[in-house]
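See structure below.
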Amino acid sequence: MIEVRELTKRYGRVTAVDGLSFTVRPGRVTGFLGPNGAGKSTTMRAIMGLDLPTSGEALVNGRRYQAIERPLHEVGALLDASAVHGGRTAFDHLDWLARSNGIGRARVLEVLDRVGLGSAARRRVGGYSLGMRQRLGVAAAILGDPAVLLFDEPVNGLDPEGIRWIRELMRALAAEGRTVLVSSHLMSEMALTADHVLVVGRGRLIAETSMADLSAQF
Ligand code: ADP
Ligand code: ADP
């Protein structure tokens, strides 16, 4: 469960998020739909404890991210797939994450296989395609078997097979009872992935509706 309460984030004069409140429930894919600049990434970064809110709060399972002892076990996120240091191998990257969260090496290997990077795990990430980087980002997100998952524009730059793969993965994670929040600026993408949608614009919540109801309006 994710709870965002009266969240506001300003960068100088820019108000990226403006008093946003919503709850994301488990067991379904919740879409976070809005144009570029609407504040989706900023909200996700606040949930992940990467940005300090100007006011308000974002909670994961009732706690701020900073108060979660072993975060990978509770919340995983695919935020910016280009963020991994290119000189490392995928295995080294995940193993480093795993060690700081008390996760064993067997799990690292299992997750690499699961995302289809088993045979590429010992290659440096600098030589990876965007699709492979996305898969590595997903591996990091699911490494700790978390109940809450965030995906920020996960299909951007992927080929059709990669897009299908990531959509199916998100649906499977929700079907297992996890809380899944996925952002997109494309209504067409949301229609293929989300069960429930939060529509945002200029840092505010414009509508909250089932995907079926939203589609019926277009
Ligand atoms: P979205 O993810 O919906 O595209 P963002 O959260 O990335 O929206 O951005 C919301 C607004 O905040 C935009 O106007 C963006 O330019 C601004 N913004 C985001 N991050 C920063 C930052 N680090 N510094 C200054 N402005 C930022
Ligand atoms: P499958 O074993 O069903 O073929 P895939 O190879 O497509 O699965 O990988 C995605 C699967 O991994 C999904 O069913 C997803 O729910 C599952 N999964 C994701 N995260 C975890 C996790 N942390 N622990 C166990 N399974 C997970």
Side-chain angles (χ1 to χ4, degrees), residues 1-25 28-60 64-66 71 75-85 130-131 133-138 140-141 146 148-158 162-163 166-167 169-170 173-174 179-211 214-215 217-218:
M1 169 112 128
I2 299 168
E3 292 163 277
V4 171
R5 295 181 187 147
E6 296 291 323
L7 183 72
T8 293
K9 176 68 187 183
R10 290 191 197 98
Y11 295 105
R13 285 187 202 158
V14 177
T15 301
V17 178
D18 191 6
L20 194 58
S21 298
F22 60 81
T23 299
V24 186
R25 296 178 198 290
R28 65 188 184 188
V29 176
T30 298
F32 203 19
L33 175 67
N36 287 327
K40 305 182 297 297
S41 297
T42 302
T43 302
M44 286 185 162
R45 290 175 56 80
I47 295 167
M48 294 304 290
L50 296 168
D51 260 346
L52 200 65
T54 304
S55 62
E57 59 184 0
L59 305 176
V60 175
R64 290 189 186 177
Y65 187 92
Q66 287 83 354
V75 54
L78 176 69
L79 296 183
D80 182 356
S82 59
V84 178
H85 188 283
L130 182 57
R133 284 171 185 252
Q134 291 284 75
R135 286 172 187 265
L136 177 58
V138 170
V148 175
L149 289 128
L150 281 68
F151 296 87
D152 193 5
E153 301 272 3
V155 307
N156 272 9
L158 291 188
I163 291 174
I166 212 156
R167 274 187 201 138
L169 175 78
M170 290 188 289
L173 292 167
T179 299
V180 180
L181 179 65
V182 53
S183 74
S184 178
H185 60 287
L186 295 173
M187 170 83 177
S188 53
E189 179 55 36
M190 288 280 105
L192 290 166
T193 316
D195 307 300
H196 190 80
V197 186
L198 303 162
V199 185
V200 288
R202 297 175 189 246
R204 298 186 187 199
L205 190 67
I206 293 170
E208 174 166 5
T209 175
S210 73
M211 191 63 231
L214 186 61
S215 299
Q217 295 177 30
F218 288 87

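Each ligand, and each atom within it, is numbered from 1 in the order the structure gives. The figures here come from the full heavy-atom set of this structure, side chains too, leaving out hydrogens, waters and symmetry mates.
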Among Ala38, Gly37, Gly39, Ala46, closest by any non-hydrogen atom to atom 4 (O) of ligand 1: Gly37
Main-chain N/O of Val29 paired to Asp195 side chain as donor or acceptor, under 3.5 Å: yes
Gln134 side-chain N/O to Pro154 backbone N/O, donor-acceptor pair under 3.5 Å: yes
Met211 side, atom CE; Met190 side, atom CE - distance, nearest 0.5 Å: 8.0 Å
Pro35: numbered ligand 1 atoms lying under 4.0 Å from its heavy atoms: 3 (O)
Nearest neighbour in protein (non-hydrogen) for atom 20 (N) of ligand 1: Tyr11 CE1, 3.3 Å
Closest protein heavy atom to atom 12 (O) of ligand 1, given as residue, atom name and distance to 0.1 Å: Ala16 CB, 3.1 Å
Nearest heavy-atom neighbours spanning Ala16 and Thr42: CB-OG1, 3.8 Å
Identity and distance of the protein heavy atom lying nearest atom 14 (O) of ligand 1: Val14 CG1, 3.8 Å
Nearest heavy atoms of Ala194 and Thr30, plus distance in Å: CB-C, 4.4 Å
Per-atom contact, atom 6 (O) of ligand 1, protein heavy atoms, under 4.0 angstrom: yes
Steps toward side chain to side chain contact (heavy atoms under 4.5 Å, CB included) verdict (Ile47, Leu181): CA-CA 11 Å; Ile47 295 167; Leu181 179 65; 4.3 Å; yes
Atom indices of ligand 1, in the order listed, that fall short of 4.0 Å to a heavy atom of Thr42: 5 (P), 6 (O), 9 (O), 19 (C)
Which of the ligand 1 atoms, numbered from 1, are nearer than 4.0 Å to a heavy atom of Ser41: 1 (P), 2 (O), 6 (O), 7 (O)
Flag, side chain of Lys40 to backbone of Phe32, donor-acceptor distance under 3.5 Å: no
Ligand 1 versus Ser183: contacting region, heavy-atom distance under 4.0 Å: neither
Backbone or side-chain N or O of Asn36 under 3.5 Å from ligand 1 N or O: no
Over all atoms of both residues, closest heavy-atom pair of Val60 and Val75: CG1-CB, 4.0 Å
Exercise check, heavy-atom protein proximity under 4.0 Å to atom 25 (C) of ligand 1: yes
